[in-house]
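Accompanying notes for the structure given below.
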Amino acid sequence: MFTNKTFIITGIADKNSLAMFVAKKIIDNGGSVICTGLGVSEFHTNLSDKAKAFLDTNYSDFEKAVKNELGDVQTEILDVTIEESVDAFARKLKENNIKVNGFLHAIAMDKTIRQKVVKPLLEVTRDEFCDTMDVSAYSLIRITSYLYKYELMRPNSSICSLSYIAASKVTFHPYRNMSVAKAALERITIELADELGRKNGTRANIVRFSPYMGSKAGTATLNQSDFDTANKLSPLGNATPDDLANEVIHLFRPNGRITGEIRHVDGGYNIMG
Ligand SMILES: NC(=O)c1ccc[n+]([C@@H]2O[C@H](COP(=O)([O-])OP(=O)(O)OC[C@H]3O[C@@H](n4cnc5c(N)ncnc54)[C@H](O)[C@@H]3O)[C@@H](O)[C@H]2O)c1
């Protein structure tokens, strides 16, 4: 299905990242992937020792996981909060004559969730609000704009992002600050679907997925009881990362006509009152 097709996969931290399941499925279906990981780039300045150590560990975990799970795949550093990092990544692809058929946005960060405790919105500072928006929502615009700037997106490409029901409903596990960023990410997806569809036939969609505790982000935010509650309330039970990957693959399929959609891969959780 994906012969001669290449997708950029963002958001792999380790083998349990949702993005890893998507990358594997693209390769299983004959496609290629370029994986990006968060690490120290030449554009990071004034990093504390602690921050540098965190980023170094993150990048080496990412590289190890990609090698073990996906084999010989191109890996690149990408920090979406640093404009020069996104520019350098896209420029490098251009210099290597690489064109892509789309990308997966699987990036989120919210410092107002610490050890599964969520700050009330009233206590969220402007900086915390803007940081979460920057990493988790604006990054979709930033990545897309640089892929277009360097003319890397083939006609009829497909972009897919990951969201959660909390973008539109207050859930039993209130995300607060992150919910606002997810709502923005969903709206950005819809606006891009219009802009890019008319530009060169590119589709943009977003998938709301069930709670998943396997990843670093999931472990940091969810309690087992959150997972269990969603599992019980969903008519089909919680969806799995494999279910998610199948849907993303479907949206990445060449010549599809689905765009601007907010899909639910959540075992039907979203229909419950
Ligand atoms: N885990 C869940 O329950 C769940 C449910 C629905 C949607 N999602 C969404 O799925 C996506 C992937 O999450 P996951 O559960 O696989 O967790 P994960 O921790 O494996 O992935 C989050 C990724 O964001 C990356 N990231 C953070 N800041 C970055 C930056 N500045 N630049 C580049 N990358 C950065 C991290 O390195 C990591 O790879 C996220 O958007 C998340 O909100 C997760």
Side-chain angles (χ1 to χ4, degrees), residues 2 4-13 17 19-20 22-23 26-27 31-47 51-52 54-56 58-67 70-109 130-131 133-162 185 188-189 191-193 195-204 252 254:
F2 292 132
N4 298 324
K5 304 276 186 288
T6 302
F7 294 89
I8 297 167
I9 303 294
T10 68
I12 293 179
S17 290
M20 183 65 93
V22 174
I26 290 171
I27 293 171
S32 315
V33 294
I34 297 166
C35 297
T36 68
L38 181 60
V40 179
S41 73
E42 60 184 295
F43 310 105
H44 284 89
T45 48
N46 302 324
L47 276 180
K52 185 176 177 310
F54 167 81
L55 289 172
D56 281 341
N58 195 75
Y59 199 74
S60 87
D61 288 352
F62 154 74
E63 284 212 297
K64 263 185 243 153
V66 168
K67 204 169 175 19
L70 307 177
D72 191 16
V73 156
Q74 185 176 344
T75 50
E76 300 291 343
I77 289 179
L78 181 72
D79 185 333
V80 292
T81 61
I82 301 178
E83 180 129 22
E84 294 87 344
S85 171
V86 184
D87 185 282
F89 165 66
R91 199 161 7 97
K92 185 168 177 190
L93 298 191
K94 175 78 175 176
E95 284 161 6
N96 289 300
N97 287 321
I98 293 170
K99 293 225 187 241
V100 298
N101 299 84
F103 73 91
L104 176 73
H105 180 288
I107 295 171
M109 189 278 306
C130 292
D131 283 352
M133 273 287 182
D134 187 23
V135 180
S136 315
Y138 179 71
S139 55
L140 177 59
I141 300 180
R142 185 170 262 167
I143 296 170
T144 308
S145 70
Y146 277 97
L147 296 182
Y148 271 90
K149 178 179 172 191
Y150 290 105
E151 299 174 328
L152 304 175
M153 296 281 269
R154 292 197 177 113
N156 309 319
S157 286
S158 180
I159 298 171
C160 192
S161 303
L162 302 186
L185 184 69
I188 290 167
T189 299
E191 298 297 339
L192 285 181
E195 273 186 35
L196 306 180
R198 292 173 198 286
K199 210 188 259 296
N200 71 341
T202 290
R203 292 161 279 148
F252 277 171

For this session: Report, as yes or no, whether the 6.0 Å neighbourhood of atom CG on Asn4 holds more than 12 heavy atoms from other residues, nucleotides or ligands.
Result: no

Between [X] and [Y], is any pair of side-chain heavy atoms under 4.5 Å apart?
| X | Y | result |
| --- | --- | --- |
| Arg91 | Glu95 | yes |
| Phe43 | Glu83 | no |
| Ile77 | Val40 | no |
| Leu152 | Ile98 | no |

Restricting to non-hydrogen atoms, name the atom on [X] and the atom on [Y] that form the minimum distance, rounded to 0.1 Å.
| X | Y | value |
| --- | --- | --- |
| Ala108 | Val135 | C-CG1, 4.3 Å |
| Cys35 | Val66 | CB-CG2, 4.2 Å |
| Ile12 | Ala23 | CD1-CB, 4.4 Å |
| Ser17 | Ala13 | OG-N, 2.8 Å |

For this session: Before giving the answer on salt bridge (charged side-chain N to carboxylate O under 4.0 Å, His left out), spell out for Asp87 and Lys149 the whole-Å C-alpha distance, their side-chain angles and the decisive distance to 0.1 Å.
Result: CA-CA 9 Å; Asp87 185 282; Lys149 178 179 172 191; 3.3 Å; yes

Those residues that, when tested against [X], pass salt bridge (Lys or Arg N to Asp or Glu O under 4.0 Å) (two or more places apart):
| X | result |
| --- | --- |
| Glu76 | Lys92 |
| Asp131 | none |
| Glu191 | Arg187 |
| Glu151 | Lys94 |

Side chain to side chain donor-acceptor pair (under 3.5 Å) partners for [X], two or more places apart:
| X | result |
| --- | --- |
| Thr202 | Tyr148, Asn200 |
| Thr81 | Asp79 |
| Lys52 | Asp56 |

Exercise. Taking Phe2 as the fixed residue, which of Ile27, Asn101, Val33, Ile26 is the one that meets the side chain to side chain contact (heavy atoms under 4.5 Å, CB included) rule?
Worked result: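 Of Ile27, Asn101, Val33, Ile26, side chain to side chain contact (heavy atoms under 4.5 Å, CB included) with Phe2 is met by Ile26 alone.
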
Exercise. Please, which pairs that meet side chain to side chain donor-acceptor pair (under 3.5 Å) have at least one residue in residues 31-43, sequence neighbours excluded?
Worked result: Ser41-His44

Under the rule for ring pair (Phe, Tyr, Trp, His ring centres under 6.0 Å), what residues qualify as partners of [X], not counting sequence neighbours?
| X | result |
| --- | --- |
| Phe103 | none |
| Tyr59 | Phe62 |
| Tyr150 | none |

Problem set entry | Spatial distance of atom CG (Leu162) from atom OG (Ser136) [nearest 0.5 Å] |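 One finds 12.0 Å between CG of Leu162 and OG of Ser136.
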
Exercise. Distance from Lys199 atom NZ to Glu195 atom CD, nearest 0.5 Å?
Worked result: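 Taking NZ in Lys199 and CD in Glu195, the distance rounds to 7.0 Å.
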
Check whether [X] reaches the backbone of [Y] with its side chain - one donor and one acceptor, N or O, closer than 3.5 Å.
| X | Y | result |
| --- | --- | --- |
| Thr10 | Ala106 | yes |
| Arg142 | Val80 | yes |
| Ser157 | Met153 | no |

Problem set entry | Chi angles and distances behind the side chain to side chain contact (heavy atoms under 4.5 Å, CB included) call for Ile159, Arg203 | CA-CA 6 Å; Ile159 298 171; Arg203 292 161 279 148; over 6 Å; no

Exercise. Phe252 and Phe7: aromatic ring centres closer than 6.0 Å?
Worked result: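 When the ring centroids of Phe252 and Phe7 are compared, they turn out to be within the sub-6.0 Å range.
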
Problem set entry | Contacts of type side chain to side chain contact (heavy atoms under 4.5 Å, CB included), residue Thr189, not counting sequence neighbours |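 Per chain and number, Thr189 pairs via side chain to side chain contact (heavy atoms under 4.5 Å, CB included) with Leu140, Ser161, Ala204, Ile206.
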
Problem set entry | Evaluation steps, side chain to side chain contact (heavy atoms under 4.5 Å, CB included), between Leu185 and His105 | CA-CA 10 Å; Leu185 184 69; His105 180 288; 4.0 Å; yes

Problem set entry | Trace of the side chain to side chain contact (heavy atoms under 4.5 Å, CB included) decision for Leu78 with Leu38 | CA-CA 5 Å; Leu78 181 72; Leu38 181 60; over 6 Å; no

Exercise. Are Gln74 and Leu93 close enough, and set up right, to give a side chain to side chain contact (heavy atoms under 4.5 Å, CB included), and what steps lead you there?
Worked result: CA-CA 11 Å; Gln74 185 176 344; Leu93 298 191; 3.8 Å; yes

